[in-house]
Amino acid sequence: MTEPTPPARNAGRDSWTQHSLLLLILLAAAGLRIRGIGFGLPALYDPDEPLFMMTAIEMLRNNSLNPGWFGHPGTITLYCLALTDLIVGSIGIATGRYADADAFVRAAYADPGILFLPARILIATFGVVCVYLTWRLGRRIGGTRTGLLAAAFLAVNAVHIEYSQLIRTDIQASVFMLLCLSSALSIAESGRLRAYLLAGIFVGLGCATKWPAATFALSPIAAGIWRVAQGKREARNLLAFAGAAVATLFLASPYLLLDYPAVVRNLTGEARPIHPGSTGGGLLDNFGWYLRSLFGSFGAINIALATFGTILLPLRNRGPAIALLPGAGAFAVLISIQTLRWERWLVPLLPFVAIMTGYAVHALSDMARAWTGRSLRLVEPLAGLLLILPMLPPVQDRAVARANDTRQLASAWIRAHVPSDASIVVEHAALDLIDGPWKLLFPLGSAGCVDARAMLTGRIRYAEVETLRSGSPIVDLASVPSPRLESCHARYAVLTHYDRYRDAQADFAAEWRRYAALTRRSTLRATITPADGERAGPAVYIFELAPRHRAVGRLSTNAAHPANASATTTSAVKPGRAVNQKMA
């Protein structure tokens, strides 16, 4: 007879299997986040990516640690970006690719991919770290299988993948939030001073990256209060947590104090009540909007399981529930009560949803084993696979759509149809057109529409952009004052925010009048619209503008009569042969 496998060997084999599965999950997460990460380059489609990168470059140029901008506040992200830029530039100079730092900066302005691609890879790396931390936290809450399931669900989540490819603060802030929850769990389990101090450090780093991370401080606070209520003498540890959080915030971002006028100015600019295309509808409406987004990336069954897991956790294991639920719940309420809503605000909640889904699957498997009296070792892996499969089509659809952005297709239309001697006003950072023969104009707030090549040659600074945009939510045609609108007149206009202002005229009447004035008597040559699974981006409208002497004559009349502006513009637009052209 064959001897039974010794328990130690079984344990070793199980550990090897679990770590092998974790490695496969992490490799899959990395592959999905690196795939197509150079989308759009050298054009820049996310409006905030160039602002983050300009700020990081400006810090290096000024030899200063002061970012000068604190809207998120984004300090940790900006420091990481500056360090990445420094490394890339140093390697380029050391290998002789660039003669000096000035040559490197010139090359980066001519081809942003030199810096943007390494920066995106940095953010993608933090995305993979999120998957690893989700595994670690899930394992502590519900065992190894819960952790593996949670990591797998987050690894293939379409929303998390997409924002792991953008230079923003959301993914990096999520890392610190997960570390905070892990420390909160340690507080609930042991109450050691070290756990309180680590929780404070991670809250401070999270806030220095993105302000809403402060909500996750409720988790260690709740865990500490719970232990004090049980008779543990840890009230001083709670004070240590608060001190560590505040000290870390200002040590990591000292210019929050040293440059507080900029902090006040930036926070005032961020706290706008309306935004074209992203204005919220109140607590319940916003909550429903976010829930629909979760359905789209996780699937209905996964969300139902996550809900079941969230209800079940405090019934089965109160300590982890107290460590997790307050912070995640407060964050969900915070984003739902805002006047604006953005899909990216969901990013820090995605690991929580993945963990609760994995916890529910594991709990149901345990219940099935108890009812049947059988060992059902394959139930959880099979259930996980079945739950992951519906999540894959959104991943593929978004990847394909990102690679075929409407603005990219608009550039292709320009190359095919616009004469070489024409001038073009473009609302987005269409750097893929810079090497073309056309004169390119870009709207820049109170400066009007400026020559895009001259702007890049002059290496415009972020501080200049902030001053010129004058609090406008987007650097677009709507941010150009009416007296400066004449500077935006070109033969062609490529408008990417046209329909957002058209559809929100009640809130943006003055802004819409600028679009109406510029496009009056013009011919709509092409409309390139997004399509699920095919094209991402905004609807792009390409107009051939009316000759200047005819368009300018009625500008002041139209500006005085917003009701007539929409009607006049609608009747005056005469579609040409290429109108509503679909470009795949």
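Just so it is clear, the values below take in all heavy atoms, side chains as well, and ignore hydrogens, waters and symmetry mates.
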Novice: Check the surroundings of atom OH in Tyr260: do more than 12 heavy atoms from other residues, nucleotides or ligands lie under 6.0 Å from it?
Specialist: no

Novice: Within a strict 4.5 Å, meaning less than it, do heavy atoms of the His160 and Arg33 side chains meet?
Specialist: yes

Novice: Check the side chains of Thr209 and Gln172 for a donor-acceptor pair under 3.5 angstrom, ignoring hydrogens and angles.
Specialist: no

Novice: Is the shortest side-chain heavy-atom distance between Arg502 and Leu495 below 4.5 Å?
Specialist: no

Novice: Examine distances only and state if a side-chain atom of Gln165 and a backbone atom of Arg35 form a donor-acceptor pair shorter than 3.5 Å.
Specialist: yes

Novice: Is it the case that over 12 heavy atoms from other parts of the model lie below 6.0 angstrom from the CG atom of Asp532?
Specialist: no

Novice: Kindly determine whether His417 and Arg525 satisfy side chain to side chain contact (heavy atoms under 4.5 Å, CB included), including the steps that lead there.
Specialist: CA-CA 10 Å; His417 297 88; Arg525 290 300 185 189; over 6 Å; no

Novice: What heavy-atom pair brings Pro394 and Gly296 nearest, and what distance separates the two atoms?
Specialist: CG-O, 3.5 Å

Novice: Show the nearest heavy-atom pair for residues Gly68 and Asn266, with the distance to one decimal.
Specialist: O-OD1, 3.9 Å

Novice: Could you check if a side-chain atom of Ile274 sits within less than 4.5 angstrom of a side-chain atom of Thr339, using non-hydrogen atoms only?
Specialist: no

Novice: Could you label the plane-to-plane angle of the Phe104 and Tyr98 rings as parallel, tilted or perpendicular, counting under 30° as parallel and over 60° as perpendicular?
Specialist: perpendicular

Novice: Can you tell me how far the CE atom of Met59 sits from the OG1 atom of Thr75, to the nearest 0.5 Å?
Specialist: 8.0 Å

Novice: In terms of the angle between their ring planes, are Tyr498 and Tyr541 parallel, tilted or perpendicular, with boundaries placed at 30° and 60°?
Specialist: tilted

Novice: Please walk me through it: do Trp69 and Phe52 pass ring-ring contact (aromatic ring centres under 6.0 Å, His included)?
Specialist: CA-CA 9 Å; Trp69 181 83; Phe52 278 112; 5.7 Å; yes

Novice: Is the number of heavy atoms from other residues, nucleotides or ligands within 6.0 Å of OH (Tyr79) greater than 12?
Specialist: yes

Novice: How far apart are the C-alpha atoms of Ile57 and Leu115, what are their side-chain angles, what is the distance that settles it, and do they pass the side chain to side chain contact (heavy atoms under 4.5 Å, CB included) test?
Specialist: CA-CA 10 Å; Ile57 293 173; Leu115 289 179; 3.6 Å; yes

Novice: Please state whether the rings of His275 and Trp342 are parallel, tilted or perpendicular, taking 30° and 60° as the class boundaries.
Specialist: perpendicular

Novice: Just by distance, do the side chain of Ser487 and the backbone of Cys449 share a donor-acceptor pair under 3.5 Å?
Specialist: yes

Novice: So, for Ala208 and Leu249, which heavy atoms are closest and what is the spacing to 0.1 Å?
Specialist: N-CD1, 3.6 Å

Novice: How far apart are the closest heavy atoms of Val400 and Gly533, and which atoms are they?
Specialist: CG1-O, 3.4 Å

Novice: Would a distance-only check, ignoring hydrogens and angles, find a side-chain to backbone donor-acceptor pair under 3.5 Å from Thr95 to Gly92?
Specialist: yes

Novice: Quick check: do Phe298 and Leu350 have side-chain heavy atoms less than 4.5 Å from each other?
Specialist: yes

Novice: Would Ser336 and Asn286 count as having a side-chain donor-acceptor pair, cut-off 3.5 Å?
Specialist: no

Novice: Between the main-chain N or O of Ala103 and the side-chain N or O of Asp100, is there a donor-acceptor pair closer than 3.5 Å?
Specialist: yes

Novice: Report yes if some heavy atom in the side chain of Arg514 is under 4.5 Å from a heavy atom in the side chain of Tyr501; otherwise report no.
Specialist: no

Novice: Check whether any side-chain N or O of Trp438 sits under 3.5 Å from a backbone N or O of Val418 as a donor-acceptor pair, and report yes or no.
Specialist: yes

Novice: List in chain and number order the residues that pass side-chain contact (heavy atoms from CB on, under 4.5 Å) with Pro437, two or more places apart in sequence or in another chain; answer none if no residue qualifies.
Specialist: Ser420

Novice: As an exercise, state the distance from CD1 of Ile123 to CZ of Arg168, rounded to the nearest 0.5 Å.
Specialist: 10.5 Å

Novice: For Gly281 and Arg341, which heavy atoms make the closest approach, and how far apart are they?
Specialist: N-NH1, 3.8 Å

Novice: Is the shortest side-chain N to carboxylate O distance from Arg398 to Glu343 below 4.0 Å?
Specialist: yes

Novice: Under 4.0 Å between a side-chain nitrogen and a carboxylate oxygen: does that hold for Arg407 and Asp432?
Specialist: no

Novice: First locate atom CG of Asp435, then atom CZ of Arg453, and finally report the distance between them rounded to the nearest 0.5 Å.
Specialist: 8.0 Å

Novice: So, does Ser479 use its side chain to make a donor-acceptor pair with the main chain of Val475 at under 3.5 Å?
Specialist: no

Novice: Would you call Arg491-Glu544 a salt bridge at under 4.0 Å N-O?
Specialist: yes

Novice: Should His489 and Leu545 count as side-chain neighbours, where that means a heavy-atom distance under 4.5 Å?
Specialist: yes

Novice: Between the side chains of Asp451 and Lys439, is the shortest nitrogen-to-carboxylate-oxygen separation below 4.0 Å, so that they form an ion pair?
Specialist: no

Novice: Quick one about His428 and Thr496 (side-chain donor to acceptor, distance below 3.5 Å, no hydrogens or angles considered), yes or no?
Specialist: no

Novice: Working to the nearest 0.5 Å, report the span between OG of Ser90 and CG of Leu83.
Specialist: 9.5 Å

Novice: Could you walk me through whether Phe216 and Phe176 pass side chain to side chain contact (heavy atoms under 4.5 Å, CB included), step by step?
Specialist: CA-CA 10 Å; Phe216 278 75; Phe176 297 123; over 6 Å; no

Novice: Less than 4.0 angstrom from a charged side-chain N to a carboxylate O is my criterion; do Arg61 and Asp85 meet it?
Specialist: no

Novice: Measuring from atom CG of Leu431 to atom CG of Asp111, what distance do you get when rounded to the nearest 0.5 angstrom?
Specialist: 9.0 Å

Novice: Between CG of Asp476 and CD of Glu427, what distance do you get to the nearest 0.5 Å?
Specialist: 5.0 Å

Novice: So Arg535 and Thr529, do their side chains get closer than 4.5 Å, heavy atoms only?
Specialist: yes

Novice: If you take all heavy atoms of Ala330 and Thr215, which pair is closest and at what distance?
Specialist: CB-CB, 4.1 Å

Novice: Taking Arg120 for its side chain and Phe39 for its backbone only, find out whether a donor-acceptor pair lies under 3.5 Å.
Specialist: yes

Novice: Hey, mind stepping through Gln408 and Tyr45 against side chain to side chain contact (heavy atoms under 4.5 Å, CB included) and telling me if it holds?
Specialist: CA-CA 9 Å; Gln408 181 179 344; Tyr45 298 147; 3.1 Å; yes

Novice: Please examine the side chains of Leu267 and Trp211, heavy atoms only from C-beta on, and report whether any two atoms are closer than 4.5 Å.
Specialist: yes

Novice: Taking atom CZ of Arg97 as the centre, does the number of heavy atoms from other residues, nucleotides or ligands within less than 6.0 Å exceed 12?
Specialist: no

